Amino acid sequence: MRLAPRVLCSAAQAAWRENFLLRGRDVARWFPGHMAKGLKKMKSSLKLVDCIIEVHDARIPLSGRNPLFQETLGLKPHLLVLNKMDLADLTEQQKIMQRLEGEGLKNVIFTNCLKDENVKQIIPMVTELMGSSPRYHRGENLEYCLMVIGVPNVGKSSLINSLRRQHLRKGKATRVGGEPGITRAVMSRIQVSERPLMFLLDTPGVLAPRIESVETGLKLALCGTVLDHLVGEETMADYLLFTLNRHQRFGYVQHYGLGSACDNIERVLKSVAVKLGKTQKVKVLTGTGDVNVIQPDYPAAARDFLRTFRRGLLGPVMLDLDVLRGHPPAETVP
């Protein structure tokens with residue numbers, strides 16, 4: 001998103017916060033009962049599975065993947081699908097691929113399942129992976145069974161529907177939602193290909209019982225994998241502003257018609273609230289009586305800021321840029 005040269009220059013030269021202070025919130029513990037139950041059911045279904053497709057958000061390719069998947073789902077052939085590539089800044093995609101390969105992930109593909117981008121590559125890739133791996137207990141089966149796994153709200157169901165559009169010319173088979181928790185159980189097999197004959201098991205999104213750091217938790221929350229109210233919309237908006245400024249992504253300035261970039265979330269949300277008409281009259285008691293004061297609706301402004309980011313209206317963003325460049329963790333917890 002283009003900014004006026006003067007605004008861009010002044011923004012780039014500004015001194016942004018080096019640390020993010022988290023006050024009173026802990027997103028490192030969020031493992032509802034249906035997640036533990038889902039993970040247990042996934043493990044019990046493994047004997048039916050020939051290949052695992054793990055879906056993750058392309059904006060956080062290096063953060064937030066559940067380490068329990070690798071520990072509990074065994075050594076099945078594995079493909080990592082980094083979805084929502086349209087929302088991610090992929091200028092350093094090659095470095096991301098090298099970093100993932102260093103972690104043992106050699107089979108990686110970027111997709112946008114809503115527009116079917118790169119989805120056609122998946123069936124040939126998993127066919128090749130399965131062809132070079134033994135099919136324990138399934139040697140006589142003519143069809144293949146895949147399992148789709150991932151943290152909540154990264155596009156697992158969208159991937160299944162996209163595969164069906166691409167290979168079967170059929171519509172939706174799974175429910176899709178914009179918040180975590182839509183898929184609550186391991187479902188029946190869903191056909192996604194005729195030749196070769198392939199079925200998919202959709203699974204609920206499963207977070208790790210303990211997220212590795214507060215900053216990782218905030219990144220997951222920004223990507224919609226944790227319900228907003230568990231973290232706090234204003235806290236998330238502040239971390240988003242911190243991240244955008246730190247990475248010199250100033251699309252929010254033009255989108256909301258701000259005079260310049262700003263590192264103070266209260267000022268930004270006040271401007272957003274006024275622009276959107278999200279204000280309310282509040283009576284304030286003074287020494288001379290009650291006075292009506294126009295008060296910005298900060299929570300409503302924060303929700304709009306987050307919603308605008310998630311729709312890609314602030315421009316593509318790579319939330320893992322700090323990890324990719326080896327920067328130390330940004331947050332300090334008082």
Side-chain angles (χ1 to χ4, degrees), residues 1 20 51-70 73 77-122 124-126 128-129 148-156 158-159 162 205-208 211-226 239-240 242-251 309-312 314-331:
M1 192 171 291
F20 182 78
C51 183
I52 293 172
I53 300 177
E54 180 185 352
V55 186
H56 199 57
D57 196 303
R59 292 168 292 184
I60 47 173
L62 308 175
S63 297
R65 293 174 55 238
N66 189 341
L68 291 179
F69 287 149
Q70 199 64 26
L73 299 183
H78 178 265
L79 172 66
L80 176 62
V81 174
L82 293 172
N83 192 35
K84 305 186 182 182
M85 60 181 287
D86 54 313
L87 303 178
D89 178 6
L90 298 180
T91 53
E92 300 197 52
Q93 181 176 345
Q94 192 60 39
K95 288 185 179 179
I96 294 170
M97 297 292 282
Q98 291 172 355
R99 179 74 175 265
L100 290 171
E101 188 171 346
E103 296 177 5
L105 293 163
K106 296 182 180 180
N107 306 299
V108 182
I109 183 171
F110 287 83
T111 64
N112 172 8
C113 292
L114 295 181
K115 294 188 176 179
D116 299 335
E117 290 183 70
N118 293 345
V119 174
K120 270 195 172 180
Q121 301 176 29
I122 292 177
M125 287 182 72
V126 297
E128 183 178 349
L129 283 172
V148 178
I149 65 174
V151 300
N153 201 31
V154 289
K156 298 182 294 297
S158 296
L159 173 63
S162 179
V206 180
L207 287 170
I211 298 170
E212 62 190 54
S213 72
V214 177
E215 186 169 18
T216 296
L218 284 165
K219 291 177 183 179
L220 286 166
L222 285 180
C223 293
T225 67
V226 178
Y239 181 72
L240 174 58
F242 166 79
T243 302
L244 293 173
N245 287 336
R246 196 181 191 206
H247 298 162
Q248 298 190 14
R249 307 297 294 183
F250 305 115
F309 162 72
R310 289 166 178 164
R311 290 176 177 172
L314 303 183
V317 175
M318 175 54 62
L319 294 174
D320 266 350
L321 199 58
D322 53 340
V323 180
L324 192 62
R325 294 176 177 175
H327 294 166
E331 87 279 2

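Just so it is clear, the model here is predicted, and its values are computed rather than measured. Hydrogens, waters and symmetry mates are skipped; everything else that's a heavy atom, side chains included, is used.
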Engineer: Under a 4.5 Å cut-off applied to non-hydrogen side-chain atoms, are Phe69 and Ile52 in contact?
Structural biologist: no
Engineer: Could you tell me which residues satisfy side chain to side chain contact (heavy atoms under 4.5 Å, CB included) with Glu92, sequence neighbours excluded, listed by chain and number?
Structural biologist: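 Residues passing side chain to side chain contact (heavy atoms under 4.5 Å, CB included) with Glu92: Lys95, Leu321, Leu324, Arg325.
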Engineer: Once rounded to the nearest 0.5 Å, what's the spacing between atom CD1 of Ile149 and atom CD of Glu54?
Structural biologist: 5.0 Å
Engineer: Looking at Asp320 and Arg99, does any basic side-chain N land under 4.0 Å from a carboxylate oxygen?
Structural biologist: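 The answer is no: the pair does not qualify as a salt bridge.
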Engineer: Donor-acceptor pair, distance only, cut-off 3.5 Å: does the side chain of Ser63 make one with the backbone of Thr216?
Structural biologist: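 Checked: no pair found.
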Engineer: Considering only heavy atoms from C-beta outward, does the side chain of Leu314 approach that of Arg249 to under 4.5 Å?
Structural biologist: no
Engineer: Just so I know, are the side chains of Lys156 and Ile53 near enough to count as touching, which here means a heavy-atom distance under 4.5 Å?
Structural biologist: no
Engineer: What distance separates Leu129 CG from Ile122 CD1, expressed to the nearest 0.5 Å?
Structural biologist: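 Spacing of CG (Leu129) from CD1 (Ile122) equals 11.5 Å.
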Engineer: State, to 0.1 Å, how close Thr225 and Pro152 come at their nearest heavy-atom pair, and which atoms those are.
Structural biologist: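 Looking at all heavy atoms of both residues, the shortest contact is CG2-O, 3.0 Å.
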Engineer: How far apart are the C-alpha atoms of Leu244 and Val317, what are their side-chain angles, what is the distance that settles it, and do they pass the side-chain contact (heavy atoms from CB on, under 4.5 Å) test?
Structural biologist: CA-CA 8 Å; Leu244 293 173; Val317 175; 3.8 Å; yes
Engineer: Checking the side chain of Asn83 only, and the main-chain atoms of Val154 only, is there a donor and an acceptor separated by less than 3.5 Å?
Structural biologist: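 Yes; judged by distance alone, with no hydrogens or angles, the pair exists.
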Engineer: Using a 3.5 Å distance criterion without hydrogens, assess whether the side chain of Asn66 forms a donor-acceptor pair with backbone atoms of Leu207.
Structural biologist: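 Flag set: sc Asn66 to bb Leu207 pair under 3.5 Å.
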Engineer: Take the angle between the ring planes of Phe242 and Phe20 and call it parallel below 30°, perpendicular above 60°, tilted in between.
Structural biologist: tilted
Engineer: Taking C-beta and beyond as the side chain, do Met318 and Leu90 meet within less than 4.5 Å on heavy atoms?
Structural biologist: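 The answer is yes, as the side chains (C-beta and beyond) meet within the 4.5 Å cut-off.
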Engineer: Does the side chain of Thr111 pick up a donor-acceptor pair with the side chain of Asn118 at under 3.5 Å?
Structural biologist: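 No, no side-chain donor-acceptor contact under 3.5 Å.
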Engineer: Can you name the nearest heavy-atom pair linking Arg310 to Leu222, along with the distance?
Structural biologist: NE-O, 2.9 Å
Engineer: With a 4.5 Å cut-off on side-chain heavy atoms, are Ile60 and Leu319 touching?
Structural biologist: yes
Engineer: Any chance you could measure Asn112, atom CG, to Leu159, atom CG, to the nearest 0.5 Å?
Structural biologist: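 Interatomic distance, Asn112 CG to Leu159 CG, rounded to 0.5 Å: 11.5 Å.
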Engineer: Mind checking whether Glu117 and Phe110 have side chains closer than 4.5 Å, heavy atoms only?
Structural biologist: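 No, too far: nothing below the 4.5 Å cut-off.
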Engineer: For Leu87, enumerate each residue passing the side chain to side chain contact (heavy atoms under 4.5 Å, CB included) test, keeping only those at least two apart in sequence or located in another chain.
Structural biologist: Arg59, Lys84
Engineer: For Gly224, is there any backbone N or O sitting under 3.5 Å from a side-chain donor or acceptor partner on Asn153?
Structural biologist: yes
Engineer: Can His56 and Val151 be said to form a side-chain contact (heavy atoms from CB on, under 4.5 Å), step by step?
Structural biologist: CA-CA 7 Å; His56 199 57; Val151 300; 3.9 Å; yes
Engineer: Could you check whether atom CD of Glu103 has more than 12 heavy atoms from other residues, nucleotides or ligands sitting under 6.0 Å from it?
Structural biologist: yes
Engineer: With rounding to the nearest 0.5 Å, note down the distance linking CE in Met97 to CD1 in Ile109.
Structural biologist: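 CD1 of Ile109 is found 9.0 Å from CE of Met97.
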Engineer: Do Ser158 and Leu114 come close enough that some side-chain heavy atom pair is under 4.5 Å?
Structural biologist: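 Counting from C-beta outward, Ser158 and Leu114 do come under 4.5 Å.
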Engineer: Does some side-chain heavy atom of Leu82 sit less than 4.5 Å from a side-chain heavy atom of Gln93?
Structural biologist: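 Sidechains of Leu82 and Gln93: no contact.
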Engineer: Run the side-chain contact (heavy atoms from CB on, under 4.5 Å) check on Ile96 and Val108 step by step: do they pass?
Structural biologist: CA-CA 10 Å; Ile96 294 170; Val108 182; over 6 Å; no
Engineer: Does the pair Lys115 and Asp86 meet the rule for a side-chain contact (heavy atoms from CB on, under 4.5 Å), with working shown?
Structural biologist: CA-CA 9 Å; Lys115 294 188 176 179; Asp86 54 313; 6.0 Å; no
